[in-house]
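What follows is a short report on a single structure.
Just so it is clear: chains get the letters A, B, ... in the order the sequence lines come, proteins before strands, and each one is counted from 1. Remember, predicted model here, so these are calculated numbers, not experimental data.
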There are 4 protein chains.
Amino acid sequence: MSIEIGKRIWAIPEGYIPDWSNGPKPEMVSHEAACILNASEKEAHVEITIYFEDRDPAGPYKITVQSKRTKHIRFNNLDDPEPVPKDTNYSSVITSDVPVVVQHTRLDSRQAENALVSTLAYPVE
Amino acid sequence: MSIEIGKRIWAIPEGYIPDWSNGPKPEMVSHEAACILNASEKEAHVEITIYFEDRDPAGPYKITVQSKRTKHIRFNNLDDPEPVPKDTNYSSVITSDVPVVVQHTRLDSRQAENALVSTLAYPVE
Amino acid sequence: MSIEIGKRIWAIPEGYIPDWSNGPKPEMVSHEAACILNASEKEAHVEITIYFEDRDPAGPYKITVQSKRTKHIRFNNLDDPEPVPKDTNYSSVITSDVPVVVQHTRLDSRQAENALVSTLAYPVE
Amino acid sequence: MSIEIGKRIWAIPEGYIPDWSNGPKPEMVSHEAACILNASEKEAHVEITIYFEDRDPAGPYKITVQSKRTKHIRFNNLDDPEPVPKDTNYSSVITSDVPVVVQHTRLDSRQAENALVSTLAYPVE
């Protein structure tokens with residue numbers, strides 16, 4: 001397919017990793033994820049920058065998404081150059097060298113039952 | 001109406017069919033759905049391709065949505081050319097020969113109470 | 001403000017009014033709503049058309065949203081020209097003679113705890 | 001980065017602050033928030049106007065978001081020029097003098113378990 005599916009820059013204003021969980025691991029651990037679809041013919045080199053309320057941004061966190069693959073990235077698991085702090089508001093900007101599509105999901109299992117939110121990231125360019 | 005309502009290519013980065021359920025069937029079975037509105041004067045021939053994290057894409061799954069009709073497609077029910085695996089992350093790209101509008105919904109009933117998420121798919125072109 | 005806030009045609013592919021509820025009325029009655037913001041200087045004359053899976057569309061349902069006002073319309077309450085059936089999948093197209101912004105929300109209280117979904121409608125034109 | 005990340009005008013049609021809560025404070029207090037990302041090199045001067053169903057708009061509420069920072073604003077906490085009423089439907093329009101990205105989130109803890117919704121605001125211009 002020669003049509004470009006997606007954009008190269010995406011933003012997710014809402015970010016927050018709850019600091020406790022409830023339920024069987026690993027499915028029910030509270031987490032925040034970015035789902036990245038690379039439907040292109042080329043490997044995508046993705047960089048995530050995290051913005052905070054009261055300190056300089058963290059990152060870039062580097063991730064590779066192979067051609068015609070999807071990757072569900074849990075922010076909880078990012079640790080290079082530094083872990084993403086829990087119980088802290090943040091935003092993220094995601095850039096890629098090939099077009100991708102990005103969706104944001106949170107599973108909040110702090111109470112007995114889960115709350116799930118999911119929304120497309122904002123396509124910048 | 002001569003205005004085109006929708007686009008011909010849509011992407012949904014987030015996909016995941018939980019592998020267990022809780023509650024009365026069929027309403028409360030965990031599922032993942034794409035709701036497709038065809039407000040046009042012509043029948044829509046829709047094709048869904050599923051992208052995975054560690055294997056080649058599956059599909060196309062072929063669906064027809066009649067003129068001035070909506071169709072709520074459960075990914076759980078797709079089985080030609082192959083079923084969509086449960087407990088597996090995936091993304092989907094949906095193409096149509098006439099403009100349609102696509103929304104994604106998941107009912108997750110793995111715990112006693114349901115979690116619902118819904119978001120518009122990403123309009124590619 | 002001379003900038004137009006919004007569009008004149010919106011689509012919501014996902015529609016479903018659960019047919020039972022749980023919890024104090026009226027806040028906790030299962031419902032599906034379209035929130036319409038008219039930030040313009042003129043009254044908005046809004047028409048909603050409902051598309052189904054297996055019958056011709058219903059409507060138009062006519063609603064007026066005054067200048068610089070919002071209106072939260074419950075699909076449950078629409079009854080002219082006919083009520084919107086419960087436990088039935090539908091989509092909707094919303095048109096207005098002045099620009100508006102439309103968001104879709106569902107409160108599903110079929111189980112003891114509520115599930116809430118909300119997403120912007122798709123801006124057509 | 002010389003690319004503009006975001007827009008200067010955003011709209012959120014859906015607004016409602018539940019008037020009771022359930023669970024530990026402050027995390028579990030029912031609230032409605034706008035998350036604003038300012039990825040630009042300049043401080044953002046943000047103004048929020050609130051639209052109601054049956055009275056004139058309130059505001060502007062003025063907020064500053066520093067360069068390369070995010071701010072998660074709880075509508076519950078806005079009180080100048082007036083508090084945002086609870087148990088009342090409203091919409092909001094958010095303007096900024098530099099490009100920002102806006103996402104809307106609600107935590108509804110009126111019942112024992114939380115319901116979470118989150119969606120991008122509508123990018124006007």
Side-chain angles (χ1 to χ4, degrees), chain A residues 7-20 22-23 30 32-33 47-60 84-96 102-125, chain D residues 1-7 10 12 14 21-24 26-28 30-41 44 46 63-74 94 96 99-123:
Chain A
K7 299 281 181 181
R8 286 175 177 77
I9 307 180
W10 295 80
I12 307 172
E14 230 268 299
Y16 179 80
I17 304 174
D19 65 353
W20 79 92
N22 213 321
S30 287
E32 178 125 321
E47 295 194 355
I48 302 176
T49 302
I50 309 278
Y51 292 82
F52 298 98
E53 294 197 306
D54 51 11
R55 48 157 285 196
D56 284 342
V84 180
K86 295 186 177 180
D87 193 24
T88 301
N89 292 322
Y90 64 87
S91 300
S92 49
V93 171
I94 296 164
T95 61
S96 169
V102 180
Q103 191 168 348
H104 164 249
T105 303
R106 182 193 301 156
L107 173 71
D108 185 335
S109 64
R110 289 177 292 181
Q111 297 197 323
E113 307 302 334
N114 295 323
L116 258 185
V117 292
S118 185
T119 193
L120 280 175
Y122 175 69
V124 176
E125 184 172 297
Chain D
M1 198 180 302
S2 62
I3 290 164
E4 293 206 340
I5 294 188
K7 299 281 181 181
W10 295 80
I12 307 171
E14 230 268 298
S21 299
N22 213 321
E27 295 94 334
M28 295 298 172
S30 287
H31 65 266
E32 179 125 321
C35 302
I36 302 179
L37 168 62
N38 175 13
S40 82
E41 302 288 342
V46 173
I63 291 138
T64 301
V65 186
Q66 291 184 290
S67 164
K68 299 186 176 303
R69 294 290 185 274
T70 184
K71 201 160 208 171
H72 291 224
I73 296 161
R74 289 192 178 199
I94 296 163
S96 169
V100 294
V101 189
V102 180
Q103 190 168 348
H104 164 248
T105 303
R106 183 193 300 156
L107 173 70
D108 185 336
S109 64
R110 288 177 292 181
Q111 297 197 323
E113 307 302 333
N114 296 324
L116 258 186
V117 292
S118 184
T119 192
L120 279 175
Y122 175 69

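- Proximity of D/E4 to A/E125: side-chain heavy atoms (C-beta onward) are nowhere separated by under 4.5 Å.
- Interface residue A/S92: only backbone heavy atoms are found under 4.5 Å from chain D.
- For A/Y122, the parts lying under 4.5 angstrom from a heavy atom of chain D are both the backbone and the side chain.
- The closest donor-acceptor contact from the side chain of D/R69 to the backbone of A/R55 lies under 3.5 Å.
- In this structure, the side chains of A/P13 and D/L120 come closer than 4.5 Å at one or more pairs of heavy atoms.
- Atom CD of D/Q66 has 12 or fewer neighbouring heavy atoms from other residues, nucleotides or ligands inside a 6.0 Å radius.
- Using a 4.5 Å heavy-atom threshold, the side chains of D/K68 and A/D56 count as separate.
- Note that NE2 of A/H104 is 11.5 Å distant from OG1 of D/T119, once rounded to the nearest 0.5 Å.
- Within the 3.5 Å criterion, the main-chain N or O of A/E14 finds a donor-acceptor partner in the side chain of D/Q103.
- Only the backbone of D/V102 comes within contact range of chain A, judged by heavy atoms closer than 4.5 Å.
- For the atom pair OH (A/Y90) and SG (D/C35), the distance works out to 11.0 Å, reported to the nearest 0.5 Å.
- For a residue to count as touching a neighbouring chain, one of its non-hydrogen atoms must lie under 4.5 Å from one of that chain's; by this rule D/P123 touches chain A with the side chain only.
- Annotation: the span from A/I12 atom CD1 to D/T70 atom OG1 amounts to 11.5 Å, rounded to 0.5 Å.
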